Structure formats: structure tokens, C-alpha cells
Amino acid sequence: MLELRLSDHRQRHSVLGDIDVTIAAGDRICLLGPSGVGKTTLLNTLAGLDPRLSKGAIASRDDLRVGYLFQEHRLLPWRTVQQNLALVGATPEAVTRSMVDVGLSGYEQYLPNQLSTGMARRAALARCLAISPDLLLLDEPFASLDPDRAHELRSLILALLDAHPAMAMICVTHDPKDADYLANRLWYLAGRPAQLQWDGTLRSDASAESITGRLRQEARTETV
Amino acid sequence: MKPARWTYWVMLPLALVFWAILARILDTALLPGPATVFETLIAAAQSGELGHHLGVTLRRVLISFVLAMVLGVVLGVWMGRSLLANALLDPLLVLFLNLPALVVIILLYVWFGLVETAAVMAVVINKVPNVAVTVREGARSLDPQLEQMARVYQFTDWQRVVHVWGPQLFPYLMAATRGGLALIWKIVLVVELLGRSDGIGFQLHLAFQVFDVASILAHSLAFVGVVQLIELVVLQPMERRASRWRTAGVTHA
């Protein structure tokens, strides 16, 4: 449903190198890599937020709906949660449904700043879901949550993915355990400019933890 | 700590008492006491003359204000968002910011005659640069993260202006409005004094010719009262309503 071809377009991108990827419906991708390597940049590029990118570098279905959960909630702080959801085009039924989905029913009339970090992130997730996205982009969804809240959110996302099997997901994380829990495909981004050192499906005999461990080890021996 | 409500009502009555005492001691027609000014005010109001001229001036203030705000906001947002527009227009903006109000008024009267359009245009030209400079600061500080959010979720231009930009620009618009109202009505008086035959400025002109200080004070105080009323009835409630979200997190969490 979405293709990114950075190699055909010989443009000098400061952060990202040659990256050619295709995302299909039902893909559950976790994107790992050292911090500062450009994981968020890649996610933004896939969301069409990179103004330097020439047309044609991204090929996607015209009506592709993208739900993006940023690191910050990025809800409009001067609008209630319900208004925020309605603004992205959610019908009242969709608002109610997605608020129930993320376990926030009853909080529709709250302002984003009245919610805790974890609740605000779930409200932002509700906004992603309210548009019934084909592609769900998650940027460090478990960062700055305590272990219990992080676990809750992880189970919630897994449940949502299972409920919408056609929806594709790309989740940036720094923890390979998240990938083993959520993903069926692993991307490992490293290098400068950054390239995908690994793009493969995850199976029980090849866990994200062992793959990323090996990749890190290789990187270390190369530098030595 | 928030000061008690009565603290707002200390200096004004004190000034009034000081004025009354000074007028009593000096006992001259050039400084009438508050009572005399008040009587003049009532008399002018009863004859309908005050209401007429107040209305005329208020109309000019409102027309110029709306025009100046619309033009200034468009210009300010454009210059704040586009580096090219800013580079092109900034020298002009500085020029007009520093052009004395009096020069603009005189030139427009000379070129277009002593007509209403020239009067309003003179006020607008004086005010637009101030609005543009204030709003430009606001447009520059628009949150880029929310811009990204609006792009991902395909906000329409209208949604972007009303729901994303508007609330962020609101404090700057308020600052421009406050400063605008105060500046505009003062310039309107000069415009009226120089080239119109009605309005508070014209009345002040007449009073000046016969050194009628009571009338001068009565007319200007009447207009100060009107502006104060606008502040209390329109601006402050609007501001409270629009800023409610800022304190929401503090009171709850």
C-alpha cells in the first residue's frame, strides 16, 4: 500500500541513505536502531512530512489514511478530546468507539492538559483510530510511561492490531522486546547516512532480541 | 499572590480628590473642578450634542480598527510565515512604523481633500504596521509540531486557521487590539481636529479656540469611558473565555 524509494531519487538527504521499502496491508513492523540515527525522520518521511523529498519518492494509494501517534500527544490543547477527534473527520460514533477502544470513555469533554501523560497518549491513539487508518505510525509509544502503563498500552495496541488485521503498523521503539511482542517484521536502521541493516519477518526461532543483538555486535566489531 | 479587589479602586478616586483640591485652591477657569466638568458633561449629553459626536467618532474608530486589524493580520501572518515576503516587505514596514502620524494625515488631506475616506485611510495607514509587527511575532512562533499534525490529518485551510493558528495567535491579536484601540482613537481625534466638521476631535477644536477647558475634559473623559466600557464588556470576557484552556491543566492535575 505504500512504497518508499529513496535510492532512485538521487537526492542528498542529510540523514537517510538509500532506503527502499514496501509496506503491505497487515504488516506489523517495529523499527529499531541506535538513538539519533533517524528513526523518527524515517517515520516522518513515510508520513509525507519531509518537504525536501521529491515527488515520486513515495508511492501510495491516493486514499491511504495514515494515523500518526507522535512522541508528544500533539492534541490541540485548546480543544476538548472530543473536538480533537472530530477535527480529523471522525463521526460522533467513531469518536465514541475509539474512546472506548483506548479505555478513555467518559473523558471526551476533558482538555488534553487535564489528562496524565499516559491518558493523553491514549487519547492521541484514539485520534489515530478514529479515522480508521490503513497505516498506523507509532513513534516511541511506550517512552516516559511507567512499566505498568507501558505494558497496558502494549496489550492495548496488540488487541487493536488483532481487531483490525488489515491495518499496517510501523512502531519506532528502542526495546527489541516490544518488537517480539507486537511485530511480525523487523527493521533495523543504522549507519550514517542511515540505511536499513535488516528488513525481515520475525519468527519464533529468530527473535528481534537475538537479531538486534547480533547487529549491534557486528557494528561494534566493524568499528574496532 | 492576587491583590484584593479594592486595590484597583485606590488611585483613581485619589486622583479625583487631588484634582478637586487643586482646582479649589487655584480657582481659575483654566482648571475647572470635577463637579464643573461633570455638569458640562451632563449638559452636553442632554442637548444630544455629546451623543452625536461620540457616535461619529466611535464609528470612525470602529471602521478604521476593523480595516487596520484585517490588513495588519493578513500582512503579519504572511510576513511571519514566508521569509521572502518578510525580506521584501520589512523595509517598507520599518518606514511606515516610523512615519509620523501627523505627516500621513496631512498628506492624505492634501491629496484627497478633507473627506471621510482620507480621514479613515490616514488612521488605517498609521495602525496597520503596528498590528503587522505584533502578529508577525505570533506567526513566527506557531508550533511546527502542530503543523505536522495538521498535515498528517489533512486539515483543511479553514480548520488550520480556526483551530490551529487562531488560538496560537490569540494573545498577539489581543495585544494588537488593546494597543490598537487606544492608538486609533487618539489618531482619530487628530484627524477630526484637522479636517472634519464633526466628532469629538472637532468639538475639542472648538473648545480649544475659546479655551473652554471644562468642555475639553468632559469630551475626552466621555470617550475614555467608552473605551473602558469596551475593555470591560467585550475584551476581558473574550480573553477569559479564550484563555480558559491554559489554566485547565494546573487546576486539575
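In what follows, chains carry the letters A, B, and so on, assigned in the order in which the sequence lines appear, proteins first and then strands, with residues in each chain numbered from 1. Model, not experiment: these values are computed from the prediction.
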Top of B:His163, B:Glu147, B:Gln154 for chain A proximity - count of heavy-atom pairs under 4.5 angstrom: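 Answer, by heavy-atom pair count under 4.5 Å with chain A: B:His163.
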Closest heavy-atom pair and its distance - B:Pro167, A:Arg79: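 Closest approach of B:Pro167 to A:Arg79: CG-NH2, 4.2 Å.
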Just so I know, are the side chains of [X] and [Y] near enough to count as touching, which here means a heavy-atom distance under 4.5 Å?
X: A:Arg74; Y: B:Gln148; result: yes
X: A:Pro77; Y: B:Arg246; result: no
X: A:Phe70; Y: B:Val152; result: yes
X: A:Glu72; Y: B:Met149; result: no
X: B:Gln168; Y: A:Trp78; result: yes

A:Leu87 versus chain B, the contacting section by heavy-atom distance below 4.5 Å: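 Interface part for A:Leu87: both.
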Side chain / backbone / both / neither for A:Leu111 at chain B, heavy atoms under 4.5 Å: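 Side chain of A:Leu111 only, per the 4.5 Å heavy-atom cut-off to chain B.
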Toward chain A, the part of B:Gln159 with a non-hydrogen atom under 4.5 Å: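 Just its side chain gets close to chain A.
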More than 12 heavy atoms from other groups under 6.0 Å of [atom1] on [X]:
X: A:His151; atom1: NE2; answer: no
X: B:Leu95; atom1: CG; answer: yes
X: B:Asp157; atom1: CG; answer: no
X: B:Leu232; atom1: CG; answer: yes

Backbone of A:Val66 reached by a side-chain donor or acceptor of B:Tyr153 within 3.5 Å: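 Looks like no, no N/O pair under 3.5 Å.
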side-chain contact (heavy atoms from CB on, under 4.5 Å) assessment of B:Phe155 paired with A:Val88: CA-CA 7 Å; B:Phe155 276 37; A:Val88 301; 4.0 Å; yes
